Protein chains: 2
Amino acid sequence: MKSGSSPTMKDVARESGLSLATVSKVINGLPVGKESRRLVEEAIDKLGYHVNAYARALKSSKTNTVALVLPSLKHPFFAHMADELTASLTSVGYRSLLMITNYDRQAEQTCFSMVRNNLVDGIIALTYNPHLKVDESVPIVSIDRHLGENIPCVSSDNYYGGELAAKKLLELGCRKLLFIRISSHTPGEPNKRFSGFENVCQAQGVEYEAILLHDDESTEPIFRFLEEHVVGEHPEFDGIFCNADSLAGKVLRFLQQHGVDVPGQVQIIGYDGVPDFFADQYVCSTIEQPLSQITQTAVRLLLNPDESSIGLNVCLPVKYIPGSTTKD
Amino acid sequence: MKSGSSPTMKDVARESGLSLATVSKVINGLPVGKESRRLVEEAIDKLGYHVNAYARALKSSKTNTVALVLPSLKHPFFAHMADELTASLTSVGYRSLLMITNYDRQAEQTCFSMVRNNLVDGIIALTYNPHLKVDESVPIVSIDRHLGENIPCVSSDNYYGGELAAKKLLELGCRKLLFIRISSHTPGEPNKRFSGFENVCQAQGVEYEAILLHDDESTEPIFRFLEEHVVGEHPEFDGIFCNADSLAGKVLRFLQQHGVDVPGQVQIIGYDGVPDFFADQYVCSTIEQPLSQITQTAVRLLLNPDESSIGLNVCLPVKYIPGSTTKD
DNA sequence: AACAATATGTTAAACGTTTTACACATGTTG
DNA sequence: CAACATGTGTAAAACGTTTAACATATTGTT
């Protein structure tokens with residue numbers, strides 16, 4: 001073994017007096033004589049041998065690495081997602097290659113191209129680019145968005161989540177509902193939250209209004225709307241559903257600063273259900289996404305594509321979590 | 001090219017009628033005839049060739065990948081750190097291999113062993129294990145902790161941060177200070193926050209007390225202490241310095257729930273300076289760590305170890321950020 | 001005692017790059 | 001016109017594994 005560089009299987013073979021193939025077998029847990037195994041293991045210990053992942057990947061075209069393509073880690077929901085995905089992957093012997101896109105379509109495309117045909121065994125992605133060119137040569141699992149006919153997608157039950165929020169608000173005595181939605185320009189599963197919400201309102205003949213904000217715009221218009229229709233003695237709306245806790249947090253703060261009593265006059269329900277790390281509690285009443293289930297399912301779907309028990313598209317149950325912004 | 005598998009340099013060579021070596025030169029931007037370059041590039045486009053990162057890494061022992069070893073992404077500070085580290089690395093053509101340790105010493109060791117001698121070109125780590133065996137064969141940059149004589153460490157100016165907090169509280173009229181510290185069992189740079197704090201108090205002859213909580217313990221004892229010495233008509237302490245915003249957030253909430261007027265009766269300063277994502281503002285008055293500088297320095301230090309302008313140990317300036325928990 | 005059958009090892013050819021040493025024109029110089 | 005620098009391209013040997021195909025030793029069966 002040349003000093004400075006690390007020991008290879010060849011060195012182990014020489015040290016143990018056995019052949020390269022035998023060493024390989026020991027390393028990979030293939031059947032090998034008891035005595036030989038001992039000799040090889042001793043040599044490995046003595047030399048401090050570690051398998052070279054790159055040589056192995058080259059030969060076996062198996063990298064044991066999965067790319068995680070996420071918009072940002074500044075949003076706690078995505079940060080938690082990355083945390084749990086990595087944990088899931090680690091527990092089954094995989095590594096995570098982290099790629100952050102900053103919600104940029106070009107960057108998303110770059111990620112998908114970079115991993116083309118090598119580098120990773122699969123991709124778990126949460127993307128927005130509607131024209132994403134996906135290469136079928138690498139298995140992909142998408143979160144919250146359909147990327148193509150054959151690409152598995154896992155999401156929470158957004159439609160039901162929307163229904164649930166509307167139902168809860170009505171149950172809690174609200175008479176006129178407001179849906180505030182911040183959304184990308186891309187059609188994705190989360191848009192179904194609105195359908196569910198609308199459906200309940202219409203079925204129950206309840207008045208409602210919905211305002212939409214694109215994620216590349218300022219939140220100003222929303223605040224102006226609130227100022228005009230909610231702030232004051234007699235708010236026009238007494239129940240607000242926001243399609244993200246982060247948005248709900250801002251709405252809550254704005255209303256509080258403008259003297260609106262939450263949940264007294266107006267009740268608010270958000271979506272996502274990531275606890276606020278600092279306060280160690282939920283920011284507001286919310287529809288909680290089953291984050292652990294989502295990540296675990298994504299990993300399973302990616303690594304066992306044939307496991308027929310899970311479908312191609314998985315929709316996981318959401319749960320209502322009462323918090324400080326509703327009367328329950 | 002066999003169908004199903006991806007094209008290799010060999011295929012490109014055949015397609016372009018040139019040799020393997022020439023193709024390699026084109027790919028790596030080495031000098032090559034104009035016409036040859038064109039032919040090769042055409043063939044690459046036509047076949048959709050992508051270089052195999054593993055073969056390249058094997059041959060050149062350069063992976064263009066850096067391991068990020070962090071305790072968790074559930075804590076926004078670390079999440080932001082991962083986000084920015086990845087951005088920095090991406091901007092210079094590197095990839096991030098994400099490894100989460102969950103503050104577990106064994107897991108930390110596993111990470112350090114896994115990357116041994118291959119897999120990555122370097123490690124950026126924030127660890128707690130005091131007995132971490134580090135292998136000098138891979139360049140390491142440590143954050144907030146000295147890992148060894150030759151291992152660069154980058155941190156914020158913790159000592160000055162502690163001083164600053166004490167000075168500010170005194171400036172704002174506090175008479176008796178409380179330092180609440182949550183800490184791992186490992187001696188690390190952040191412990192200097194206390195020294196700085198203590199130093200100012202002693203120099204100015206101000207009364208103070210410090211309580212310590214290990215990060216594997218419940219926060220109960222702290223709450224009991226607060227209940228006994230702070231809650232009530234006449235709080236014994238009128239200025240509290242917490243060595244983390246997350247801790248400060250909990251203290252703040254506890255005091256508010258028990259009727260203490262913050263910042264009226266008691267003022268609080270935290271440490272870290274990560275804005276609360278939901279509220280879109282700082283949780284409390286705080287000593288802000290220069291996160292971007294930390295991450296950028298870590299990356300520079302890792303990739304240009306010889307650049308003598310940066311020292312082996314870098315200590316970056318902190319800043320006081322007034323917030324809702326102090327009177328300024 | 002002869003011969004399968006089985007257990008255990010070995011040899012050598014891949015995997016897809018990079019890179020050193022070399023070959024061959026072509027043009028330049030004394 | 002020999003001698004030589006220069007510009008371009010090629011051949012072939014690595015890098016450290018995995019794995020098929022093969023060799024040899026061991027055991028059991030008649």
Side-chain angles (χ1 to χ4, degrees), chain A residues 1-41 43-44 47-65 115-121 137, chain B residues 1-2 4-41 43-44 47-65 114-121 137:
Chain A
M1 159 186 171
K2 282 156 278 167
S3 93
S5 71
S6 52
T8 73
M9 277 180 37
K10 218 183 225 166
D11 300 310
V12 175
R14 188 177 321 120
E15 178 72 28
S16 65
L18 292 165
S19 82
L20 221 49
T22 305
V23 175
S24 174
K25 283 177 186 161
V26 171
I27 290 168
N28 293 292
L30 297 173
V32 94
K34 233 183 140 183
E35 176 65 3
S36 303
R37 160 155 285 124
R38 196 184 58 74
L39 282 171
V40 170
E41 280 167 350
I44 287 179
L47 299 178
Y49 167 81
H50 281 247
V51 56
N52 180 318
Y54 282 81
R56 172 178 278 180
L58 173 59
K59 185 62 187 142
S60 63
S61 34
K62 184 84 175 55
T63 68
N64 276 291
T65 305
V115 297
R116 190 178 171 127
N117 281 323
N118 46 52
L119 211 44
V120 295
D121 294 340
S137 69
Chain B
M1 157 188 171
K2 283 156 277 166
S5 73
S6 52
T8 72
M9 277 180 38
K10 220 184 223 165
D11 300 310
V12 175
R14 189 177 321 120
E15 179 70 28
S16 65
L18 292 166
S19 81
L20 219 52
T22 307
V23 174
S24 174
K25 283 178 185 162
V26 171
I27 290 168
N28 293 293
L30 298 174
V32 94
K34 233 184 143 186
E35 177 63 3
S36 303
R37 159 155 284 123
R38 197 183 58 74
L39 283 170
V40 170
E41 279 168 351
I44 288 180
L47 299 177
Y49 168 80
H50 282 247
V51 55
N52 181 317
Y54 282 82
R56 172 177 281 179
L58 172 58
K59 186 61 186 137
S60 63
S61 35
K62 183 86 175 54
T63 67
N64 274 290
T65 305
M114 264 191 61
V115 298
R116 192 180 169 127
N117 281 323
N118 46 51
L119 212 42
V120 294
D121 294 339
S137 70

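Just so we're on the same page: letters track the sequence lines, and every chain starts at 1. Since the model is a prediction, treat every value here as computed from it, not as a measurement.
With respect to A:Glu35 and A:Arg38, a salt bridge is recorded, a charged nitrogen being found less than 4.0 Å from a carboxylate O.
B:Leu20 has its CG atom 13 Å from the C1' atom of D:dA14, to the nearest Å. Look at CG on A:Leu58: it is 5 Å from C1' on C:dG16, rounded to the nearest Å. For the pair B:Leu30 CG and D:dT8 P, the interatomic distance rounds to 13 Å; values are reported in whole Å. C:dG16 atom P lies 15 Å from atom CG of A:Leu119, rounded to whole Å. We find that CE of B:Met9 is positioned 6 Å from P of C:dT17, with the value rounded to whole Å. Rounded to whole Å, the distance from NE2 on B:His50 to C1' on C:dG16 is 15 Å. In this structure, NZ of A:Lys10 is placed 16 Å from P of C:dT10, rounded to the nearest angstrom. For the pair A:Leu18 CG and D:dT24 P, the interatomic distance rounds to 17 Å; values are reported in whole Å.
For A:Thr8, the listed nucleotide lying nearest its side chain is D:dT17; candidates were C:dT17, D:dT17, D:dT10. The side chain of B:Ser19 sits closest to D:dA11 out of D:dT17, D:dA11, C:dG16.
If you take OG1 on B:Thr8 and CG on B:Asn52, they are separated by 9.5 Å, rounding to the nearest 0.5 Å. Taken from OG1 in B:Thr22 to CD1 in B:Ile27, the straight-line distance is 11.0 Å, to the nearest 0.5 Å.
Contact of the B:Val12 side chain with the B:Leu47 side chain is registered, since non-hydrogen atoms from C-beta on lie closer than 4.5 Å. You'll find the side chain of A:Tyr49 stays beyond 4.5 Å of the side chain of A:Val23, heavy atoms only. Considering only heavy atoms from C-beta on, B:Ser6 stays 4.5 Å or farther from B:His50 through its side chain. Between A:Arg56 and A:Asn28, the closest side-chain pair of non-hydrogen atoms falls below 4.5 Å.
Counting non-hydrogen atoms under 4.0 angstrom, B:Ile27 reaches nothing in the nucleic acid.
Side-chain nitrogen and oxygen atoms of B:Ser24 include none within less than 4.0 Å of the OP1 or OP2 phosphate oxygen of C:dT17. Listed pair B:Asn52 / C:dC15 fails the phosphate criterion, with no side-chain N or O lying under 4.0 Å from OP1 or OP2. For the OP1/OP2 pair of D:dT10 and a distance below 4.0 Å, the side-chain nitrogens and oxygens of B:Thr22 include at least one atom meeting the criterion. When the side-chain nitrogen and oxygen atoms of A:Tyr49 are compared with OP1 and OP2 of D:dT17, one or more of them lie within a distance under 4.0 Å.
B:Tyr54 places a side-chain N or O within donor-acceptor distance of the main-chain N or O of A:Leu119, the cut-off being under 3.5 Å. Judged by distance alone, the side chain of A:Asp121 and the main-chain N or O of A:Thr63 form a donor-acceptor pair under 3.5 Å. Judged by distance alone, with hydrogens and angles left aside, the side-chain atoms of A:Ser16 form no donor-acceptor pair with the main-chain N or O of A:Leu39 at under 3.5 Å.
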So which protein N/O to nucleotides 20-22 of chain C N/O distances come out below 3.5 Å?
none

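Contacts of residues 32-40 of chain B with DNA chain C (heavy atom under 4.0 Å): none.
Position along DNA chain D of the nearest nucleotide to B:Lys59 versus A:Asn28 favours B:Lys59 as the more 5'-ward residue.
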